[in-house]
Number of protein chains: 4
Amino acid sequence: MTNTEIISSVKDERLIEKRRKQMIQGAITLFKKKGFHKTTTREIAKESGFSIGTLYEYIRTKEDVLFLVVDAIYGEVQSRLTTMVNLEEPSLEHLMTIIESYFRVVDDMQEEIIIMYQEVKSLKKPTQEYVLQKERDMVDMLKRVILTCAPNVHKEDADLLANNIFVQGHMWGFRRWALQKQFTLEDYIKRQLTYIKSVITHL
Amino acid sequence: MTNTEIISSVKDERLIEKRRKQMIQGAITLFKKKGFHKTTTREIAKESGFSIGTLYEYIRTKEDVLFLVVDAIYGEVQSRLTTMVNLEEPSLEHLMTIIESYFRVVDDMQEEIIIMYQEVKSLKKPTQEYVLQKERDMVDMLKRVILTCAPNVHKEDADLLANNIFVQGHMWGFRRWALQKQFTLEDYIKRQLTYIKSVITHL
Amino acid sequence: MTNTEIISSVKDERLIEKRRKQMIQGAITLFKKKGFHKTTTREIAKESGFSIGTLYEYIRTKEDVLFLVVDAIYGEVQSRLTTMVNLEEPSLEHLMTIIESYFRVVDDMQEEIIIMYQEVKSLKKPTQEYVLQKERDMVDMLKRVILTCAPNVHKEDADLLANNIFVQGHMWGFRRWALQKQFTLEDYIKRQLTYIKSVITHL
Amino acid sequence: MTNTEIISSVKDERLIEKRRKQMIQGAITLFKKKGFHKTTTREIAKESGFSIGTLYEYIRTKEDVLFLVVDAIYGEVQSRLTTMVNLEEPSLEHLMTIIESYFRVVDDMQEEIIIMYQEVKSLKKPTQEYVLQKERDMVDMLKRVILTCAPNVHKEDADLLANNIFVQGHMWGFRRWALQKQFTLEDYIKRQLTYIKSVITHL
DNA sequence: GATGAATGAGCATTCATTCAT
DNA sequence: GATGAATGAATGCTCATTCAT
């Protein structure tokens, strides 16, 4: 399953990409405000700048839009994450830098990530599977970085810590009403990094 | 806002409570399977064991059901959490015991908690506020326990750690497809407790 | 497959029957004018005297309406046909009387029969099968009457003649623009009976 | 109304004819399978081997396609019928031969004829009129052959018999699920001819 | 002449909510 | 208090037709 498995009746690949970008943009805007279910296809079309008929030239069902959105969001997170993970010299400091970058990325994409938490289960099983695989990939990436930078950490711990870090990133977003009143992003990052470093050091 | 603010046209308080219990039970069953939006009021009525007309004698709108459910779930978590937090002798060990109990509670209520993550934003603002307050209370409770059992911890750290623990509990549920394949609940708890203890000890 | 296999969400059997009668009546009126495809469900609801929502309390899909209509029409033809076929004294004359009655029945239901010719293939295969079976039953009935009243006729001829008669009845309706300008019903019947008698006599 | 009254924005007559042939061919294929209403213009274009835009260069509305198809079908039947009706020596035998040929033609065009039965009423009134006229012409042709070959037959009987024969031909197609299981074409023709001859002889 | 992307009116169907019994 | 039939606004989706390239 990939982006291109969503069937479009339009042939011009370039145009498909362009229109879908508009669509994803428009849909994200709306999903942030009202969620997937309360957003109508007409609203998506309008927000995307074209008619309902045109919308359906590029997708088959409303769920396709959700998939496109979810795919785009994780694609973005993943690509940003990937670029920062080319380890020059593995070291605890380097690990900390990467985690920090990760926290900054998810801060930047807070609302998109909240969409993921709320809407993924609205996708059909196979599509959900595809999305979860993407998550797994990201956590795996973190895990590998941990193992490389802190070779003393056991595999299982690396795994669980990667999950913890992954979720602590999201948490900054989905608990922002609690956290962002008390902490600045800098502060949040500093403290979480301290805890993580402490854990890893004393394992 | 409280449970009793949902207006019912029925007078008999005892009956209201009975019917609502049925309703909440039925709704939770359905929400677990299909989510709030894909569950119809008819289905809720049927699952609850009465007619659609009767359902509407005890609520005003479909959203009321969601509120009742959400309220019941957090009420349950909170009450279970509260009973275990009567500190006899504050100590790090005692803290660990409490956190462990918390993890067991949320393990027990995994699916209910997933409902919370997915559906809370479907509530209207004031209702959301009410729910978030309940969350705040719970995190506060954890925070106070931390401060009592580990007096050396700074307030801010206690706060953030309480949030971390709170979410790590939920995470066991909402990332179960990733975690529960690799870890048993025992294992999960043991490791997370180790990390937490390590952090607190070295702060 | 029978009338009762169309699922209704209403429980009161008496009411179902009443509403469906209204519905069939309304639908037939519209199908005569515009055919099945050009008739909207809203029009059917309106013509039947209730709202679109109510319509859907008594059927599942638009095709159900068509089935109900088709079933009702053939049910009517068949029942009228059946009542006239209790052979007292088998004789050629008696056969002629029965055929005459048949011609009068289909004259009376011309437009309904035209609906059958045009819309049956819009039904799904199993439903079509059910309808064709009803046709087979009717032709069989005619065949048996022929064999009883004209024992010298071979089975195969009885079969084909029954089909001929069956279709000649319909033809009076679906070719009315050609036939009914030139012949009165009396005349039409008289001539066709003459031909049939002639054929049977000389077989 | 004739074929050429369907307005095309293309000038080249040769091209128009070529494209329309493709179109009719494609449309018939589809109408056989799904009927007129369930066939989309896009499908017709595709099946015809050109784009939807091109389709609309050669017709004005979807109904035009139906007209073209209906016109082509009756044109074909009529032309085939006409070629076989140049009476050398009028005789009852000759009449039988012609009727036999007619039965063979309609056997060959069964499915096309079924389209006629089902879709003609979807045409607008004037177009229907045009089609019915073609039918009238064909029946008239049969009538004239009858009168020529069997001069003793009264006009009215010739008329009705022509109608009977005309419909008995179609019936072989539209009741094929009943007839073609029991009779071969040869058998069907033989028996029907026997009946007809019998009727004509004893009138 | 050919193409196919764009359009939006139109349709079947659903479902929260009401209210007479 | 309980029931369930009735309602109709709302929604996802289709498809004939147009028109710029």
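All heavy atoms count here, side chains included; hydrogens, waters and symmetry mates do not. Note on naming: letters A, B, ... go to the chains in the order of the sequence lines (proteins, then strands), and numbering restarts at 1 for each one.
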Enquirer: Check salt bridge (Lys or Arg N to Asp or Glu O under 4.0 Å) between E76(D) and all other residues, then give those that pass, not counting sequence neighbours.
Expert: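 Here the qualifying residues are R80(D).
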Enquirer: Which residues pass the side chain to side chain contact (heavy atoms under 4.5 Å, CB included) test with T61(D), sequence neighbours left out?
Expert: E63(D), D64(D)
Enquirer: Need to verify one output field. Residue with the more 5' nearest nucleotide on DNA chain F, K38(D) or F36(A)?
Expert: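 Counting from the 5' end, the first nearest nucleotide belongs to F36(A).
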Enquirer: By side chain to side chain donor-acceptor pair (under 3.5 Å), which residues pair with Q133(C), not counting sequence neighbours?
Expert: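 Counting only residues at least two positions away or on another chain, Q133(C) forms a side chain to side chain donor-acceptor pair (under 3.5 Å) with R136(C), D137(C).
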Enquirer: Test of understanding: with salt bridge (Lys or Arg N to Asp or Glu O under 4.0 Å), list the residues that count as partners of K121(C), not counting sequence neighbours.
Expert: E119(D)
Enquirer: Near K134(C) NZ, under 6.0 Å, is it more than 12 heavy atoms from other residues, nucleotides or ligands?
Expert: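 Atom NZ in K134(C) is crowded, with more than 12 foreign heavy atoms closer than 6.0 Å.
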Enquirer: Mind listing the side-chain donor-acceptor pairs of residues 27-34 of chain D below 3.5 Å, one per line with the distance, residues two or more places apart or on another chain?
Expert:
residue, atom, partner, partner atom, Å
T29(D), OG1, Q25(D), O, 2.9
K32(D), NZ, E112(D), OE2, 3.0
K34(D), NZ, E43(D), OE1, 3.2
K34(D), NZ, E43(D), OE2, 2.6

Enquirer: Using a 4.0 Å heavy-atom cut-off across all strands, classify S9(B) as base, sugar-phosphate, or nothing.
Expert: nothing
Enquirer: For DNA chain F, which consecutive runs of 3 or more Watson-Crick or G-U pairs (each distance under 3.5 Å) count as stems?
Expert: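 Stems for DNA chain F, defined as runs of 3 or more consecutive pairs: E:2-21 with F:2-21.
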Enquirer: Might you point out which heavy atoms bring I6(A) and Y58(A) nearest each other, and give the distance in Å?
Expert: CG2-O, 4.2 Å
Enquirer: Considering only heavy atoms of chain D and a distance under 4.0 Å, specify the first and last nucleotide of DNA chain F in 5' to 3' order that meet this criterion.
Expert: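 Both ends considered, the range comes out as dC15(F) to dT18(F).
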Enquirer: So, using salt bridge (Lys or Arg N to Asp or Glu O under 4.0 Å) as the criterion, who are the partners of K38(C) when residues are at least two apart?
Expert: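 With neighbours one apart ignored, the set is empty.
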Enquirer: Going by the rule side chain to side chain donor-acceptor pair (under 3.5 Å), which residues pair with T39(A) if we only count those two or more places apart in sequence or in a different chain?
Expert: none
Enquirer: Between R20(D) (side chain only) and L68(D) (backbone N and O only), is there a donor and an acceptor less than 3.5 Å apart?
Expert: no
Enquirer: For residues 39-50 of chain A, which residues have at least one heavy atom under 4.0 Å from DNA chain E?
Expert: R42(A), F50(A)
Enquirer: Donor-acceptor pair, S48(B) side chain versus F50(B) backbone, under 3.5 Å?
Expert: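 No, because the side chain of S48(B) does not come within donor-acceptor range (under 3.5 Å) of the backbone of F50(B).
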Enquirer: For R42(B), which residues count as a side chain to side chain donor-acceptor pair (under 3.5 Å) partner, sequence neighbours excluded?
Expert: E57(C)
Enquirer: Examine K62(D) relative to F36(D) and say whether NZ or CZ is less than 6.0 Å from the centre of the six-membered ring and inside a 45° cone about the ring axis.
Expert: yes
Enquirer: Near DNA chain F, under 4.0 Å by heavy atom, which residues of residues 51-62 of chain A?
Expert: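 Per residue number, the list reads I52(A), Y56(A), T61(A), K62(A).
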